[in-house]
**Student:** 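This is the structure I have questions about; it appears just below.
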Amino acid sequence: MIEKDLSVDFLGVHFENPFLLSSSPVGNCYEMCAKAFDEGWAGVSFKTIGPKHFKVDEVSPRFDELTKEGTPFVGFKNMEQIAEHSLEENLHDLKKLKHDYPTKIIIASIMGTNEEDWEELAQLVTDADADMIEMNLSCPQMTSHEMGSDVGTNPELVKKYCAAVRRGTDLPILAKMTPNITDMVPAAKASLAGGADGIATINTVKSVANIDLDRKVGLPIVNGKSSISGFSGKAVKPIALRFLQQLREAAGLEQLPISGIGGIETWQDAAEFILMGATTLQVTTSVMQYGYRIVEDMKNGLMHYMEEQGVDHLQDLVGLANKNIIPAEDLDRNYKVYPKIDWDKCIGCGRCYVSCFDGAHQAITWNVEARRPTVDTSKCVGCHLCNLVCPVGAITTGEVVMKPGREGNPDDINVKSSRLTHF
């Protein structure tokens, strides 16, 4: 069995591995968190604790899913708010978890309605022996506009509330950012100016996942009506990675400590977030589908990846991809990569031909009798749509050429000669 060092140091706190339960229904009480710790999770961002005066009143049902070809949870919609247990119960659970699992990391997620709430909650969870505080500035389905994503889109409020939490604690502070914003950088910088030490991102994306065509109402249906609420799961991963990149490339944020959230389901997803600058990784939706046991698969997969990469310490991989994602105007546009068809794999289904004709540049011809496609290089622009739609991996990257009138040597161009698949 391959053994690698998965431990990471984040905001001065040592984690045995990067995997945490994110603040959500999967870490809602002592019993749930204890089971997760026993399964191998390094820590938990406990479900968000609110002030005593805010009463949580949930709806039923409150979940929906987005599926593809029968596979559930490509995306997951929820109307869940913050912790429904009393403040006293939540504080008791935090303290008991730290007592019973002293090597695990307890992050107290908190949310207030004003400066006094934030400061008091910070003091209370500090006294309850939390290792770190996460400020939930981003929940998109709160019933109070004084809370959640309505706060996170306002840099002034973000700074003010971070300053309030800093007055209430000496613990490391994470500001949990909302993706329901055009540019996250101003809010992130405001949080740091207010006293936060790092960023957790992303929270869920505002959504209407599905519409019941007969009843003409969004799902889930609550007594005949529905509402916009948070969307998570694999479908939001590209959005999360985009925000990570934009944060880490912003002036002054190049070394920003980030706890990555949003669609982490496999070890490959985990590796992508780490390469994009996340040090710790928070998971909810895949736990709701597969259970806490998925952490073992993710840990083992990461260790095998580290072995392949010749890396002994996971921390050494953090942020290695950031420098390779550049503005679109800086990309090299001098060359073209033609697709190559492997006739031993081709099953003659015609999907590449149809997609190229109807959705690209009509650069694939079709031999009806032989049921074989051929690439017409006089028309092909090298977009590789055919590569993506091929169901059997018969189309790979092939010949590399310079565009007419462009300078350069195609042999010097680094193009991976394999099918451009995604994990």
Side-chain angles (χ1 to χ4, degrees), residues 9-16 20-37 41-56 81-139 142 144 146-148 151 157-176 191-192 194-200 257 259 280 282:
D9 292 313
F10 184 62
L11 302 185
V13 178
H14 186 71
F15 294 74
E16 66 186 61
L20 318 173
L21 300 179
S22 51
S23 177
S24 68
V26 301
N28 191 26
C29 62
Y30 173 87
E31 289 76 15
M32 297 179 80
C33 296
K35 182 181 179 185
F37 291 160
W41 294 81
V44 58
S45 183
F46 197 82
K47 191 174 181 184
T48 303
I49 300 170
K52 182 174 286 190
H53 63 79
F54 182 78
K55 303 302 180 185
V56 176
Q81 297 187 87
I82 61 177
E84 71 274 20
H85 305 302
S86 71
L87 178 59
E88 292 77 13
E89 287 177 286
N90 289 321
L91 294 172
H92 172 270
D93 283 0
L94 290 181
K95 200 170 189 70
K96 182 171 172 57
L97 281 168
K98 193 60 189 177
H99 176 270
D100 293 350
Y101 295 89
T103 65
K104 303 294 185 177
I105 306 306
I106 312 300
I107 302 174
S109 176
I110 62 174
M111 182 192 293
T113 62
N114 53 50
E115 289 179 89
E116 291 73 24
D117 283 349
W118 285 103
E119 185 173 349
E120 180 183 16
L121 286 168
Q123 292 170 344
L124 290 170
V125 298
T126 301
D127 292 342
D129 297 334
D131 296 291
M132 193 178 295
I133 293 175
E134 182 178 88
M135 296 176 60
N136 187 339
L137 302 162
S138 45
C139 179
M142 296 306 298
S144 168
E146 297 176 313
M147 306 171 80
V151 174
L157 281 178
V158 168
K159 181 179 179 180
K160 182 167 70 172
Y161 290 158
C162 286
V165 171
R166 177 46 70 208
R167 291 193 297 270
T169 189
D170 58 357
L171 295 177
I173 299 172
L174 279 172
K176 189 173 183 180
S191 73
L192 299 178
D197 301 290
I199 299 299
S259 186
T280 60
Q282 299 190 31

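Every value quoted in this text rests on a predicted model; they were computed, and no experiment measured them.
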**Student:** Please report the interatomic distance OG(Ser191) to CD1(Ile199), rounded to the nearest 0.5 Å.
**Tutor:**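 One gets 3.5 Å once the value is rounded to the nearest 0.5 Å.
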**Student:** Within the side chain of Asn136, is there an N or O that forms a donor-acceptor pair under 3.5 Å with the backbone of Lys176?
**Tutor:** no
**Student:** Between atom OH of Tyr161 and atom CG of Asn114, what is the distance when rounded to the nearest 0.5 Å?
**Tutor:** 6.0 Å
**Student:** If you count every heavy atom of other residues, nucleotides or ligands that lies below 6.0 Å from Lys104 atom NZ, does the total exceed 12?
**Tutor:**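 Result for NZ/Lys104: enclosed.
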**Student:** Can you find a heavy atom in the side chain of Glu115 that is under 4.5 Å from one in the side chain of Arg167?
**Tutor:** yes
**Student:** Measuring only between side-chain heavy atoms, which start at C-beta, is Pro172 closer than 4.5 Å to Val13?
**Tutor:** yes
**Student:** What heavy-atom pair brings Ser109 and Phe46 nearest, and what distance separates the two atoms?
**Tutor:**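 Result for this residue pair: CB-O, 3.2 Å.
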**Student:** Does His14, at its NE2 atom, have more than 12 non-hydrogen atoms belonging to other residues, nucleotides or ligands within less than 6.0 Å?
**Tutor:**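 More than 12 within 6.0 Å, yes.
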**Student:** Any chance CD of Glu120 has more than 12 other-residue heavy atoms, nucleotides or ligands included, within less than 6.0 Å?
**Tutor:**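 No, not enclosed.
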**Student:** Of all the heavy-atom pairs spanning Gly50 and Leu87, show the shortest one and how long it is.
**Tutor:** O-CD1, 3.9 Å
**Student:** Can you find a heavy atom in the side chain of Val26 that is under 4.5 Å from one in the side chain of Val44?
**Tutor:**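 No, side chains not in contact.
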**Student:** Answer yes or no: is there a donor N or O on one side and an acceptor on the other, between the side chain of Ser23 and the main chain of Thr48, under 3.5 Å?
**Tutor:**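 Yes, the answer is positive, given that a donor and an acceptor are paired below the 3.5 Å cut-off.
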**Student:** For Glu16 and Trp41, work out which heavy atoms get closest and say how close.
**Tutor:**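 Scanning both residues, the minimum pair turns out to be OE2-O, 4.4 Å.
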**Student:** Could you check whether any side-chain N or O of Arg166 sits under 3.5 Å from a backbone N or O of Leu171, counting only pairs where one atom can act as donor and the other as acceptor?
**Tutor:**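 Between the backbone of Leu171 and the side chain of Arg166 there is a qualifying donor-acceptor contact (under 3.5 Å).
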**Student:** How far apart are the C-alpha atoms of Val125 and Leu91, what are their side-chain angles, what is the distance that settles it, and do they pass the side chain to side chain contact (heavy atoms under 4.5 Å, CB included) test?
**Tutor:** CA-CA 7 Å; Val125 298; Leu91 294 172; 3.9 Å; yes
**Student:** If I take atom CD1 from residue Ile105 and atom CG from residue Leu11, how far apart are they, to the nearest 0.5 angstrom?
**Tutor:**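 Between Ile105 CD1 and Leu11 CG, I get 11.0 Å after rounding to 0.5 Å.
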**Student:** Which atoms form the tightest heavy-atom contact between Leu121 and Pro51, and what is the distance?
**Tutor:**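 It is CD1-N, 3.9 Å.
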**Student:** Calculate, to the nearest 0.5 Å, the distance between atoms CG and NE2 belonging to Leu97 and His92 respectively.
**Tutor:** 9.5 Å
**Student:** Write down the atom of Leu174, the atom of Ser259, and the distance for their closest heavy-atom approach.
**Tutor:** CD1-CB, 4.2 Å
**Student:** Quick one: does Asn90's side chain have a donor or acceptor within less than 3.5 Å of a partner on Ser86's backbone?
**Tutor:** yes
**Student:** With a 4.5 Å heavy-atom cut-off, do Ile110 and Val165 have their side chains touching?
**Tutor:**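 Yes, close enough: below the 4.5 Å cut-off.
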**Student:** To the nearest 0.5 Å, how far apart are CD1 in Ile133 and CD in Gln123?
**Tutor:**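 Spacing of CD1 (Ile133) from CD (Gln123) equals 9.5 Å.
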**Student:** Please determine whether side chain to side chain contact (heavy atoms under 4.5 Å, CB included) holds for the pair Phe37 and Asp100, giving the CA-CA distance in whole Å, both sets of side-chain angles, and the decisive distance to 0.1 Å.
**Tutor:** CA-CA 10 Å; Phe37 291 160; Asp100 293 350; over 6 Å; no
**Student:** Mind checking the CG-CZ spacing from Asp197 to Phe10? Nearest 0.5 Å is all I need.
**Tutor:**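 The CG atom of Asp197 sits 9.0 Å away from the CZ atom of Phe10.
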**Student:** Give me the atom names and distance for the closest heavy-atom approach of Ala200 to Gln282.
**Tutor:**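 What the structure gives for the nearest pair is CB-NE2, 4.1 Å.
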**Student:** Below 4.5 Å, heavy atoms only, C-beta onward: do Lys35 and Glu31 meet side chain to side chain?
**Tutor:**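 A side-chain contact under 4.5 Å is absent here.
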